[in-house]
Protein chains: 2
Amino acid sequence: MNQTTDSSTPKFAAIKEFIFSQIETGNWPEHSRIPSENELASQFSVSRMTARRALQELTKQGVLYRTQGVGSFVASAKSQSALLEIRNIADEIQSRGHFHSAELVQLSQIPCPNIVASALGLQPNDPVFFSLIVHYDNQLPLQLEARFVNPAQVPDYLQQDFTQLTPHEYLSAVAPLTEADHVVEAILPDAFTSKYLRISQHEPCLRLTRRTFSRGGAVSFAYLTSAGSRYRLGGHLNFAAPNKK
Amino acid sequence: MNQTTDSSTPKFAAIKEFIFSQIETGNWPEHSRIPSENELASQFSVSRMTARRALQELTKQGVLYRTQGVGSFVASAKSQSALLEIRNIADEIQSRGHFHSAELVQLSQIPCPNIVASALGLQPNDPVFFSLIVHYDNQLPLQLEARFVNPAQVPDYLQQDFTQLTPHEYLSAVAPLTEADHVVEAILPDAFTSKYLRISQHEPCLRLTRRTFSRGGAVSFAYLTSAGSRYRLGGHLNFAAPNKK
DNA sequence: AAGTGGTCTAGACCACTTG
DNA sequence: AAGTGGTCTAGACCACTTG
């Protein structure tokens with residue numbers, strides 16, 4: 001009374017494909033109600049748990065939305081929000097087959113600037129740890145990392161050797177990431193940044209502002225600035241083929 | 001013999017939290033093997049399906065990885081890739097409570113430029129549809145959208161009124177998105193772009209290059225260019241609290 | 001052969017929404 | 001009261017990996 005033994009596609013996947021095709025061809029328009037778990041189960045001669053799995057996975061993929069006591073509905077295609085991947089700079093350089101190195105420009109305790117204070121939930125001029133690091137791709141400066149770290153969360157930050165370990169790697173180890181914000185902007189570099197990246201002050205830069213949290217609260221606030229001519233963010237998405245392996 | 005009737009947290013969620021806390025505290029280090037479905041089921045006095053659900057969801061979240069016949073393992077924290085959201089420009093403007101309008105600068109058939117040809121899988125100088133649109137946030141030009149569309153996929157593209165409907169909305173309707181690429185860069189605008197965005201040629205711009213696919217193949221290739229001072233991409237991530245509602 | 005994860009069944013009780 | 005989705009059980013057979 002179990003398994004179909006047709007080694008091909010699992011039943012839940014066949015049901016997903018059926019639903020997806022109904023939506024794609026327009027038979028089931030946006031926000032229309034689709035068959036219930038029980039209806040699909042009897043139509044496909046499967047148990048309710050199997051029909052449910054198909055609906056559940058499509059919901060996680062953003063294809064459907066469901067309301068208890070009401071039903072399952074086709075999500076609007078517009079809300080398929082695109083996603084861009086942001087990777088660790090050292091990994092990125094290495095995965096291109098290049099050599100990553102880091103130059104430590106500054107590592108000290110400073111009074112917290114206003115912007116950083118509000119981001120980290122500190123008071124202005126409270127002590128914060130600050131690191132300024134240039135990341136090199138082979139011999140070329142690729143990214144300037146200016147990072148402010150909450151001393152309460154990471155008391156030993158100033159004792160690390162950031163030419164051997166990136167702050168990201170160290171922080172991941174001592175204060176595991178639970179949440180993060182990102183903002184990506186195109187800016188002109190200040191004098192400082194253009195000097196360390198060895199670019200003109202007229203060359204546009206991609207600046208990623210990142211704030212990270214761990215269980216205890218805000219951990220760090222960082223500006224990751226790269227020359228526009230040397231760095232870009234890329235991402236690939238696959239909406240179709242639910243869970244292709 | 002069913003439900004716990006403790007209306008609080010479901011059993012599968014309790015198991016997820018247990019596993020997550022073991023990883024967070026370092027008790028279960030990266031790449032270490034964690035208890036099997038059967039072991040968890042008996043430890044928590046639940047059915048295997050319930051233990052399985054906890055493992056499954058943590059795997060989808062990137063916290064674990066599993067291999068059939070071998071076991072379940074702690075994923076490396078480093079591979080938690082951060083994600084940035086890219087939204088439809090019209091939705092974005094409207095969700096800020098502003099008024100979105102579009103100015104159609106050009107809509108015609110042109111010979112396909114080389115770069116576009118290779119992106120869309122066409123031959124150089126094959127006919128392609130081209131639209132050039134300025135998106136306004138209230139009265140301010142926010143984004144210049146230069147889009148190349150594959151005529152084979154979207155034969156009626158030139159007949160649309162893109163002051164009423166964005167190309168993104170039209171394409172979503174006629175050639176549902178199945179895949180997409182994105183690249184984000186900081187650039188200086190060319191003369192054309194600075195004119196339509198009403199900015200100096202020295203002002204950095206954020207340029208998103210997007211390629212979309214539908215079932216039939218490559219559909220469109222677009223440059224979405226915005227003044228750096230007016231536009232940024234943001235994203236928020238929540239790694240912890242598996243599936244908080 | 002024994003253990004692992006992958007799929008599936010035929011039931012159950014529950015919270016919730018609608019008429 | 002009837003239907004919906006949410007959680008859960010105690011089984012089953014399967015493909016796969018390891019000793």
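Remember, predicted model here, so these are calculated numbers, not experimental data. Naming: A, B, ... by sequence-line order, numbering from 1 per chain.
- Using a 4.0 Å cut-off between a side-chain N of Lys or Arg and a carboxylate O of Asp or Glu, Glu37(B) and Arg66(B) qualify as a salt bridge.
- Going from atom NZ of Lys16(A) over to atom P of dT7(C) covers 10 Å, rounded to whole Å.
- Taking the side chain of Ser36(B) as heavy atoms from C-beta on, and the options dG6(D), dT9(C), dG5(C), the nearest nucleotide is dG5(C).
- The side chain of Phe12(A) approaches dC8(C) more closely than any other nucleotide in the set dC8(C), dT9(D), dT7(D).
- Rounded to an integer number of Å, the gap from Phe44(B) CZ to dC8(D) P is 12 Å.
- In this structure, CZ in Arg52(A) is found 12.0 Å from OG in Ser36(A), a value given to the nearest 0.5 Å.
- Distance CD (Glu37(B)) to P (dA2(C)): 20 Å, rounded to an integer number of Å.
- Below 30°, between 30° and 60°, or above 60°: for Phe18(B) and Phe44(B) the angle between ring planes is above 60°, a perpendicular geometry.
- Within the 4.0 angstrom heavy-atom criterion, only backbone atoms of the sugar-phosphate kind lie near Arg53(A); the bases stay farther away.
- When each of dC8(D), dG11(D), dT4(D) is scored by its nearest atom to the side-chain atoms of Ser47(B), the top-ranked nucleotide is dC8(D).
- Here the nucleotide nearest the side chain of Thr50(A), chosen from dT9(C), dT7(D), dT4(C), is dT9(C).
- For Ile15(B) and dT9(D), the CD1 to C1' distance is 13 Å, given to the nearest whole Å.
- Phosphate contact (OP1/OP2 of dT4(C), side-chain N/O of Arg33(B), threshold under 4.0 Å): present.
- Checking dT9(C), dG6(D), dG6(C) against every side-chain atom of Met49(A), the shortest atom distance belongs to dT9(C).
- For Asn38(A), the listed nucleotide lying nearest its side chain is dT4(D); candidates were dC8(C), dC13(D), dT4(D).
- The aromatic rings of Phe129(A) and Tyr157(A) lie parallel to each other, with less than 30° between the two planes, well short of the 60° mark.
- The listed nucleotides are dG6(C), dC8(C), dT18(D); the one nearest the side chain of Lys11(A) is dC8(C).
- An OP1 or OP2 oxygen of dG6(D) is reached within less than 4.0 angstrom by a side-chain nitrogen or oxygen of Arg66(A).
- A donor-acceptor pair is defined here as one N or O able to donate and one able to accept, closer than 3.5 Å; no such pair exists between the side chain of Gln153(B) and the backbone of Val149(B).
- Note: Ile23(B) CD1 to Leu64(B) CG = 5.0 Å, rounded to the nearest 0.5 Å.
- If you measure from atom CD of Glu57(A) to atom C1' of dG6(D), you get 16 Å, rounded to the nearest angstrom.
- Taking atom CZ of Arg48(A) as the reference point, atom C1' of dT7(C) lies 18 Å away to the nearest angstrom.
- Looking at which nucleotide of DNA chain D each of Gln68(B) and Val70(A) is closest to, the 5′-most match is held by Val70(A).
- Along DNA chain C, the nucleotide closest to Gly69(B) and the one closest to Thr67(A) are compared, and the more 5′ of them pairs with Gly69(B).
- We find that CG of Leu55(B) is positioned 14 Å from P of dT7(C), with the value rounded to whole Å.
- For dC8(C), the paired nucleotide is dG11(D), the pair qualifying as Watson-Crick or G-U wobble because both relevant distances are below 3.5 Å.
- With rounding to whole Å, Leu40(B) atom CG is found 14 Å from dC8(D) atom P.
- Here Ser72(A) reaches the OP1 or OP2 of dG5(D): one of its side-chain N or O atoms lies under 4.0 Å away.
- Base pairing analysis places dA1(C) opposite dT18(D); the two distances defining the Watson-Crick or G-U wobble pair are each below 3.5 Å.
- Listed pair Arg52(B) / dG6(C) meets the phosphate criterion, a side-chain N or O lying under 4.0 Å from OP1 or OP2.
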